[in-house]
Every structure is written in C-alpha cells, then in structure tokens.
Amino acid sequence: MMDYDVIVIGGGVTGTAIAWYLARYDIKVLLLEKECELCEGASKANSGIAHSGYDPEPGTLKASLNVRGSRMLHSLASLLDLDYMQNGAMVLAFSDSDLKKLEKLKERGSANGVSYSEMLSKDEVLRRERNVSKDVKAALFFPTSAIICPFSLVYAFAENAAVNGVEVRTSAPVTGIEKRRDGFVIHSDDLSFASRSVVNAAGIYADRISAMVVPEYFSLTPRRGEYVLLDKTEGFVTSTLFRTPAELGKGVLVTPTVHGNILVGPDCIETGEKDNTATVSKGLAAVMESGRKSVPELNYRTIITSFSGVRAHPDGNDFIIDMPCPGFFNAAGIESPGLTASPAIGEMAGSMVAEYLKAKKKNNYIETRKKIVRASSLSPEKLNDLIATNPGYGRIVCRCESVSEGEIVEAVRRGAVTLDGVKRRVRAGMGRCQGGFCTPLLLDILSRELNVKKEMLGKKGPGSEVLV
Amino acid sequence: MRALVVIGAGASGMAAAISAHDSGVKDILIIERGPEMGGILTQCIHSGFGLHTFHEELTGPEYADRFQKEVLKRGIDVLLNTTVLEIDSHFIRYINSTGIYEEECQAIVLAMGSRERARGALNIPGERPAGIFSAGTAQHLMNLDGCRIGKKVVILGSGDIGLIMARRLTLEGSHVLAVVEIMPYSGGLKRNIVQCLEDFSIPLYLSHTITEIKGKKRVEGVAVSPVDENLQPLPDRSFDIPCDTLLLSVGLLPENELTKKAGAELSSTGGPVVDDSYETSLPGVFAAGNVLHIHDLVDYVSQEAEEAGRNAARYILSGECDEACIPVVPGHGVRYAVPQFISRTGKDALIKFRIAKPMRNAVISLISDGRIIKRMRKKVVSPGEMERVSVQKSLIDSELKLEVAENDET
C-alpha cells in the first residue's frame, strides 16, 4: 500500500513549482524540504529577474523553458498574486565588440522566441536611464523582462499547492531512497514514506539524491554568486541593466527590485563547496566595481546587506529534466534562468509525472492564491476597515518596511517558524536597519504565536537561535 | 486643527513639547511609536545622564521620568504605540491599532531620533548567521526583555553604546573578548573607556577591524585584522577570535525617512538642514535631537529641543519666520556644523559641531568673511565629543566659517 503517488524532494522554487503543477491532478502529493522553512537554497539568493530569454543557447531546455516560463509568470502574476513588475531589461554595450555581441543577442533572442527586442541609441538609453554611464554606446532593450520577488514565487507555489491538497513537510531531509518493485520508499531520519514515484528537485544536492537511485548519473558544480543590496532610491534605475554576457553567465547586473531597492551582482566563483554561501571581500569589491561601470553614481554607502547564493551548475550546461529509471524524475541543474523557467519546469516535469501515473485532473482545482495583505499598500479607507476587524494591522512592527503585526501573525499562520521565514514572507527586518529595531518585537510575536520560548527561536533553523 | 504635533516622545520630543507648552502653545500632541515615553532612554539603564540638566547623575529611565512627569503635569496629549506614516508642512498622517488618522497642524517638531548602522553599511564579508546584533538591539533585548544574547562576545566599534554594552555584558556574565576599533582612537567618551573597558580589563584593539564573520548558523568567530593608515586591512597580520556573538557599535544615523519623503532638504549629518531656530526647509517644521545630528550627551539633546519647542511656539503664536541668510560653513578640521544657516534675529547663535580627528592644543576659530571673530583654545578635542560655541551675531558679515587646527606654534 503506497502512502503517496508522488514525492517531490526539495522546497525551493523548482520543487514547489512541480508540486503546484501536480496539485491539479487527482493524486496524493508530498513535498519534502530538509530545512525548517521553504525557500532556503538558491531560490532565496538570486537576481529576482524574470528573464525575457535572449541569453540561453537556442535549442536547449534552458532556452525553451525560459521563454515559456517568462510568459507563464506574466499571467501567474495576478493569478498567484506575485510581487512582479514588468520593467524591461537593457543589455548595455560599452565597446565595438560589445556592439557585435548585441547583434548576436538580438538574433539569439528571436531564435529562442523572444517576441520583441529593440536596439537603443546612446541618447535613447540615457534618456530612459539617466544614471547609466555616459560611456554607453548602445543597448539592446527587452521589454518583456520583469523583476520578481523570488520568495513570493516560492510561497505562492507552495500555498496554492497546499490549498489543493499537497502535503508539505519541512525539517525532513531525505537520508535514503529504496527502490521497490512498485515504487520507492523514502527515508527521512526516523520516518519513511512509500510512493509510486519521486521527483528530485533538491537543488545543489540533486546529484546526491540522484545517486541514491541511479549511480553516477550527473554531478553538479557549485558556483557562488555574490550580491550587494542598496537602500530604496526611487527612480534611480528603472530597467534591469545587463552587461554583455561573459564566459560564466550574464555578468553583473544593476536592477531595481520589485520592492524598490537596488540590487547589484552577481559574480561567479567555483568554490567546490555546496553549502558555502559566505561572501568574500574581494568578490564584493569586484561586484561593486563592475556595477559602477554600468551606473557610476551607485552609492555604496547605502548598502543594506550583501549575500550570496550557490547555483547548481550541471555538467552538460543544460537543465536535467528526465526520468532515468521508471518513476524517478530529475529536475536538476536548475541554475539561471531557473527562477524564470520554474513554472515551465513545473509544467514539464509535472506533466511527465502525471503521464507516468496516468493521473486525471481534479474538478475542484483552485487556480488562485492571495498573498498576505500589505497594510501599507491599502487605501486609508480599506486599511481602516481591516484594522476594525484586526487591530494588529494598525501596529507597525518593522518601521523600515512598514510591516504591521497583523502581517507578521499571518506569516506565522502560513508556516513561518523563524525570523528569516517572517522576513521573506512579509519583509519585517528586510529594510535599512536590518532588524535592529524589530528583532526584539518579532521574537515576542513569534514566541506568542508559536507558543514556544524565545530562546528556542532561530534566525534560520536549529543551531541558529538568536538568544542563548 | 492642532497647534503643534511632536513626532517622538524620547528625550528631544518631550523637551520640545514641554517648552512649547511653557511658551504658550497648549494644543500639543506627541506621537510615540513605542509603548511608553522615553525613547531609547528607557533601555539605557546605566547612569551618567543629567549631569548638566539636573546636576546629578541619573540613569536613562530616571532622566526620562523627570521629563515624562513634566509632560503629564501639563496635560499634553500623548499617543503611544502610534506610527507616523507621512508628514507635510501642515499635515500629518498616523496609524495605530484603532485606525489611520489625518490631522492638520500649524507646526511640527521632528524628534524621531536615530537608528544604528547595520552590518551592511560596513559590508563585512562572511556568512549570515544568528548572533550578530547592533549594540542597541542587544541593549533592548538585555535591559528591557531580560534576555541573554551571547556568551563569548566581540564588539566592533568603540562608540559609547559599544563601550557601555561591553560593561553591561560583562556584568551579566558574558565574556567580552575584545572591542575592535578601526580608527586609531575611540569614538566614545573618555569616561566610558575608563569605566567600561579599563575597569573590567577588556582589551581595546585600536586600528583594527573585523574582516570576516565565521559560522553558518550561529557566529563561531571573527577574523580581526590590523589596518594601515588608509584604514585598509593588513590580511597577513589577521587573527581569529572564536566567539558566539558579534556586537556592532559602528555609529548612529539620524532617522529621516519622514523628513525625506516630505521633501525637506538634508545635510551631510543625515539630518535636515536647519536655521538657528531649528526650522527645516519646510515652513513650520522644526527638528531637534538625534534626528538632526548625533549628540554625545542627552542633556544637549534636551537643550536643543527646548529651543526648537520655543521657536515652534513663537512660529505658531506670531506667525514669525526669521529669514536665515547667513550660511555656516564647516572649514578645515570640522566635519559638520549645525545649524547650517543663522538669522539676524536675536543676539547670539549657538553652533554645534564635530571635529574631523582628535587633536591636542586645538584652536577653534570662527571666521566671518576672512576675519577671525572668535578664537577658543581646547587642550584636547575628539570626534567623539560634540563641540559647542556661541557667537555674537552682530560680528558676522555674510558667512560664518569654523576651523580647527592643532596649535604647533605656541
């Protein structure tokens, strides 16, 4: 007797996207995440861009899923209530060789099916983006490029999946997989779950999960990317500003985030360590210098934080989405443009699983999801109504991001158990003081809502307790 | 329509409200986001407050309590747990658990105080584990919430809050392993170096900085490196200090999000540009205390706020608005000077400023249009202490410049 029809391993954007897609079928789905919160790996530390799709090699999965994913995100933005804004992207050219690269990118974009791109003269670039370096020669503009809060996408996928019956278990690392005649048994410490099929979406650890079932099938190279995040400066840059692509990716970008900050990064360093997300001063310095080549006036005195994420670079340079043995599926090697491609990866891998299981669609599928209300974005009339029903929405806890107690309580109700989990869901502690003022208040609220002692509360999971 | 709204019930907000009231404006509202009056003083349970104002040594809560009693005695309206969302010259929007409110007012005193610089401002590389606190956050957790924040602690920055927290942590049983300061001198008051570090044998590493934070989940240690004269780390001489907690006491920033949003002109202090009545570039909007520039002693915050409150009252009662036409310019050796403009009204102007680096036998010169109009000598000056100088307005022509130099000649 099987517990589940399919178990998805990994609670990042890929795993939750697959769970979201599978949720429309009449099957039993379990999602396992090793950390105590979702969105802990590369999904939480990336550029937050919904790329138009000009960059990947034509004919690859990266190319087709990027372009498909970009279009899907555009319509999912309202269905799943994402923090998403189509702001367009420019690839800036600073030399003659850059100009040639722009021509190639334009061709590559059309080969990939990017419906529109436009060559901009120097004057036009500077008219649209007054802070771009005057050394710019021209730019290629992709209007379909967008900015997206990566956390909002993961939580949206997971919450919509859950409301449609997908079971989500956190703090559940996969410690072994047994292959049985009729399926698999997945071990997670003391627990085990039997399932007819398994999807491996374990991010940078996907090669290890794969090796539990199919030895030496693929390996992943960790590539670290570092970023600096600047305070909000309205209108400083409006489009996402790329340089022409380099050997190891799209190079350092300068972009507004969907919440109005400025993000600069990433670099690309092969560390050989899957869990090394430390920033290094040399790397940060290089990122900052590179950012200033595009936008000389970047004010690094307004840096709020720096961070890095680890990309899972696959041997073959393309996404690995396949079924190497019956019932075992990979969605692995999902480096950039993985965030953009995620709904399309969910659709592709999900369809493969559904076909394998001969699953039928549900008739009571819920297509939409609502995000946590942001009190500060409401009109005074609506906010007054909300406060009348729940006074917590009138108590501002995080002053920098104007986050109310009501929002924080709702974040806990939706699964937040750590300070980082609250921060990613509602932005408390995400602003310029980086939790300086609200950390004590958040500990009080979390302790009360979760009914645990403050000393038990962590920034991330066990071992990261804030108090001693 | 309110006469006066004061934003913040800390040291400066309370003093401003009291003096405005005593100057004849009775219709005053103080809006405070915290659960009680006193602002940051409520968590400063050490003594040393009030030596100038009350000629006795009080703790922060005691100092706050004296002002709070005066506020209550006058029946001034106070809204607690209330956050101001937006201001304009004569308009204010605020929110609390009963709803969102808008009010017209004749004048506003900004008294929002400051916030601490966070790790990002220093861009210290490494992982992002738990156990990194700004000193004020640690102070809140320890002194207001009764929590313990760490066992083995390293403190970066030797500003006053860092020094006081070194002592406080030691008294609570934590082991403070080092205070690390990038400059060749401390940014704090001399008395705090002695009473908080030397008395407890806590090592102070001058001309050192932290170049890496170790530990993935909780801090496991820091890499400390000496710096050269350009403040660049010398990695060859770097050493590790294992610890579970890192406290950052790396400076305060005037908190002016509301001010900025309202379109007031800001100065290099991070606070609004003001004249010697403490009026900002927005008519009827005054500012005082740490929201304007960072003070060393709370007594001076109170004095400045009293002045701002008095001027706000004068503005409300008489509609008078001085034309502040004389720019105050920080010259050689001076980091900033407040106010940025002075008017011709009144006899004297009080200028507050900070010097750029420590000096012995310093000569402070006030220069008007190339002519020295006042000269003062001081044995020791340090950027950690705010300097104050009064100047007779009738001596100034079109500009006032401040210069500080070390006196080698005599």
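Just so we're clear, the structure is a prediction, and the values are computed from it rather than from any experiment.
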Sort [X] into side chain, backbone, both or neither according to what part of it lies under 4.5 angstrom from a heavy atom of chain A.
X: B/Thr98; answer: backbone
X: B/Phe133; answer: side chain
X: B/Arg33; answer: side chain

Write down the atom of [X], the atom of [Y], and the distance for their closest heavy-atom approach.
X: A/Val468; Y: B/Ile149; answer: CG2-C, 3.9 Å
X: B/Ala118; Y: A/Arg432; answer: CB-O, 4.4 Å
X: B/Glu255; Y: A/Phe437; answer: OE2-CE1, 4.1 Å

>> List the residues meeting salt bridge (Lys or Arg N to Asp or Glu O under 4.0 Å) with A/Asp444, not counting sequence neighbours, and say none if there are none.
In response: A/Lys454
> Taking only residues two or more places apart in sequence or in another chain, which ones pass salt bridge (Lys or Arg N to Asp or Glu O under 4.0 Å) with B/Arg168?
Replying inline: B/Glu172
Do [X] and [Y] have side-chain heavy atoms sitting under 4.5 Å apart?
X: A/Pro380; Y: B/Arg93; value: yes
X: A/Ser402; Y: B/Leu85; value: yes
X: A/Thr439; Y: B/His140; value: no
X: A/Leu467; Y: B/Asp145; value: no
X: B/Gln139; Y: A/Pro440; value: no

